[in-house]
Protein chains: 4
Amino acid sequence: MKTRDKIINTAIQLFNEQGTKAVSTNHIATAIGISPGNLYYHFRNKEDIIRAIFVQMDEYGLEKYQIILNKYQPGSIEAMEQTFIMIQEYNWRYRFFKRELTALIMNDPLLKECFHSTNNQMLDMIRYTIDCGIANGSIKAMNDIEKGSFADAIWLVALFWLNYLEVGGEEVNEYTLRRGNDVLRTVLQPYLTGEILKNSTGTAVLHVFN
Amino acid sequence: MKTRDKIINTAIQLFNEQGTKAVSTNHIATAIGISPGNLYYHFRNKEDIIRAIFVQMDEYGLEKYQIILNKYQPGSIEAMEQTFIMIQEYNWRYRFFKRELTALIMNDPLLKECFHSTNNQMLDMIRYTIDCGIANGSIKAMNDIEKGSFADAIWLVALFWLNYLEVGGEEVNEYTLRRGNDVLRTVLQPYLTGEILKNSTGTAVLHVFN
Amino acid sequence: MKTRDKIINTAIQLFNEQGTKAVSTNHIATAIGISPGNLYYHFRNKEDIIRAIFVQMDEYGLEKYQIILNKYQPGSIEAMEQTFIMIQEYNWRYRFFKRELTALIMNDPLLKECFHSTNNQMLDMIRYTIDCGIANGSIKAMNDIEKGSFADAIWLVALFWLNYLEVGGEEVNEYTLRRGNDVLRTVLQPYLTGEILKNSTGTAVLHVFN
Amino acid sequence: MKTRDKIINTAIQLFNEQGTKAVSTNHIATAIGISPGNLYYHFRNKEDIIRAIFVQMDEYGLEKYQIILNKYQPGSIEAMEQTFIMIQEYNWRYRFFKRELTALIMNDPLLKECFHSTNNQMLDMIRYTIDCGIANGSIKAMNDIEKGSFADAIWLVALFWLNYLEVGGEEVNEYTLRRGNDVLRTVLQPYLTGEILKNSTGTAVLHVFN
DNA sequence: CATGAATGAGGGTTCATTCAT
DNA sequence: GATGAATGAACCCTCATTCAT
């Protein structure tokens, strides 16, 4: 693996374990076995590393989402569930990021802009998915205000389920993630036309988190 | 005002504005106009300040909640809405705390225990409220698993609406808080028996946030 | 007991346990249950406390020595043994002082002078005792140079036996103190005329150290 | 000279002059002309410096002792005298260490263990030397208890002669060191078989202390 | 690409001491 | 005699960052 990638991956791991403030650039360099100077050859500063991680996050998320879109009908229940699972896996993989999001964004306007752009794209996708669902009859019709709140509710659950678990002192595992899916379904189900959501099997999640 | 209270209040303000890591104990002391030594006369260390803030938070939340319970029927829609508004105000007042929650809890086991205890109490209250609602007929009957997910959904929205706004780059104001109420209603409404929730007027929120 | 004496006694105890640098004036005040201001009403500063302890030490040592002189013939073996035991008890009671002696003296010229004066008095007493012993025939005759070395040897053992134990990682107790007496006898015996020193019974030491 | 060595040497010098507590890490750094950060690049903390000094002490003492063993017959009077002179030189070179020994050991369990190990080795060597002396007839026969006291007496004088001088307010110089040798001889001589110890010329000491 | 010694500002914290009450 | 809040210098140590090699 290239040094640059080693830095990014090691940084992600250490940030997840200890938080960005507790992990110094020298810690990262030591963990990889390179010199502090070398780290600064590849990145201008610590923020630069975090921004690079964000770029990776972005690409990773998009890629995974494309896979889902290729497999499942947009607006279908399956697509929604798979997306939720994917987002949880994503949130777990980069969990330091969401945990410290506000602080990170406060200190780095560039990152702030990048993040908001991505976040808005995701919300747009959700709204588009809802529109698809309404169009194909799987979701009940609703006006724009209702649609906005519905999208917010879904995105809120997807975004913060992991934080909700952490904050509640619960481990992140197959079972607690399935519970997240149940919560999402609690929000979704009343707005679906008829088809009853199958119980999540959790298998998709299972092999992802280890 | 006593020095101890000045320290707590100034710390809250600076933590909210810049985050706990960016605010040094000397910053706090300077902001108040006292010596660094004096700050350490009143608190053993930085964590001690944060714990003292948490104690204040706890008391503040309980007090506000009592006021609501004295005014509104537990399990009623009004009580829920008022509680939601109250929680948002609370979250805003101590917004650094929720933003950095995981990191704070990671570094201070004492705080971790305190927080989990409070958090579980809140969840218990929500479940109790749901039971009241079911008992008095305002909420549809549901089994225990459904009830668990329903409570999680409600608590998730209440806990993280502010973070959702911050993360989305939206200001916290009367309008965005009302939207939070709308999202909560999106989740609640389908599980209510008949009575349609009135649109939130937002007046209660209005004078609270300035 | 008067506050001033409480301060001195508590300071001795804490200094013995933790060393003078680790024990702050506030620690002393807290340990007694008085305010820091009150401590500074009784003593001008920390050094002043240490000097007061030294004065107490001096009086204590003199007093104990007088008791021995009243009971035993100066220059007799019994007087020497009793004196040795007394000095060990004294060194133990104020053990922080000998441990940190050089450092304390370095930082306080006043204390330095006081200590040297006392120390010289003790050496004079030893030389006088030797003279007595030679005069009454219990100690072999020797020239002045030999007498000087002999006095140094005796005083060295008496002064540093406790430090020798501490440095060697040995506890200070009845047994190790008796060993100190044996070492002293190893130095003394060859210079005595005929009378064989009785084995130390240790009883005198026993009830002193608890 | 390498920075690491500069730190060690400067630390020894300053510690000797002012004591370990009075000398801050910043003092050391300033004295060398390096930044505080650089000092902490080479040593984890202040204790680490002291431990490094101890390691140097150990090596230095062993090396010097080997030289003596190669030149003089073990158990011979010459070897003892040379060793005594060497130990005084050693104690002077690292005089802060013996002065503060108990305090240093109290605060650093690692150092404690290291020191005790070295100290026991030295005592073992002395006992071995006595055995050699008895075996080759230069030291009178004695039982084990006597041997133990004899070894303690010798080691006590060797260890604390310098402290005895400091505590007595005497300078450390050629003359006072020779007096130390005289004291040692006062203890030794009665236990030697016949050969009379020559007066120490002190020449070996002379060129060592400047 | 990479090293690693070096920088220096700043962080949390302690403590001898003061002083108004 | 006594209180206790307050001071401020100093301490140990960290860390993002630089730069000669």
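The figures here come from the full heavy-atom set of this structure, side chains too, leaving out hydrogens, waters and symmetry mates.
- Listed nucleotides E/dA16, F/dC12, E/dG4 differ in distance to A/S35; the shortest reach to its side chain belongs to E/dG4.
- Place D/T20 and A/T20 on DNA chain F by their nearest nucleotides, and D/T20 ends up nearer the 5' end.
- Rounded to a whole Å, the NE2 atom of D/H42 is 16 Å from the C1' atom of F/dC13.
- Each of C/D5, C/I32, C/V23, C/T30 was checked for a side chain to side chain contact (heavy atoms under 4.5 Å, CB included) with C/T10, and the lone residue meeting it is C/I32.
- Nucleotide E/dA20 is matched to F/dT3 when pairs are restricted to Watson-Crick or G-U wobble geometry with both distances under 3.5 angstrom.
- For A/T25, a side-chain nitrogen or oxygen approaches OP1 or OP2 of F/dA16 to under 4.0 Å.
- The phosphate of F/dG1 (OP1 or OP2) has no side-chain N or O of C/N38 nearer than 4.0 angstrom.
- For the pair A/K21 NZ and E/dG11 C1', the computed distance is 13 Å after rounding to whole Å.
- C/H27 has no side-chain polar atom (N or O) that falls below the 4.0 Å cut-off from OP1 or OP2 of E/dA16.
- For F/dT14, neither phosphate oxygen OP1 nor OP2 lies less than 4.0 angstrom from any side-chain nitrogen or oxygen of D/Y40.
- Around atom CD of C/E113, no more than 12 heavy atoms belonging to other residues, nucleotides or ligands sit under 6.0 Å away.
- In this structure, the separation between CZ on B/R51 and CZ on B/F43 is 11.0 Å, given to the nearest 0.5 Å.
- Going from atom CG of C/N107 over to atom C1' of E/dA16 covers 14 Å, rounded to whole Å.
- Annotation: the span from C/T102 atom OG1 to D/E100 atom CD amounts to 8.5 Å, rounded to 0.5 Å.
- Heavy atoms of D/I34 sit under 4.0 angstrom from primed sugar atoms or phosphate atoms, though from no base atom.
- Distance CD (B/E47) to C1' (E/dG11): 14 Å, rounded to an integer number of Å.
- Distance B/I49 CD1 to E/dT13 C1': 12 Å, rounded to the nearest Å.
- For the OP1/OP2 pair of E/dA2 and a distance below 4.0 Å, the side-chain nitrogens and oxygens of A/T3 include at least one atom meeting the criterion.
- Dashed line: the shortest gap from a side-chain N or O of B/N26 to OP1 or OP2 of E/dG11 is not under 4.0 Å.
- Close to E/dC1, at under 4.0 Å from its OP1 or OP2, lies no side-chain N or O of A/Y41.
- Two residues, B/K46 and D/L39, neighbour DNA chain E, and the one matched to the more 5' nucleotide by heavy-atom proximity is D/L39.
- B/R44 places its CZ atom 13 Å from the P atom of E/dC15, with the value rounded to the nearest Å.
- Here B/N45 lies in heavy-atom contact (under 4.0 Å) with sugar-phosphate atoms only.
- Pairing partner, E/dT13: F/dA10, with both Watson-Crick or wobble hydrogen-bond distances short of 3.5 Å.
- At least one side-chain heavy atom of A/F15 sits under 4.5 Å from a side-chain heavy atom of A/I50.
- Looking at C/E47, its side chain never comes within 3.5 Å of a backbone N or O of C/D108 through a donor-acceptor pair.
- Protein atom CZ of B/F43 is 18 Å distant from nucleotide atom C1' of E/dT14, rounded to whole Å.
- Between F/dA16 and A/S24, a contact under 4.0 Å exists linking OP1 or OP2 to a side-chain N or O.
- Note: CD1 (C/I7) to C1' (E/dA16) measures 15 Å, nearest angstrom.
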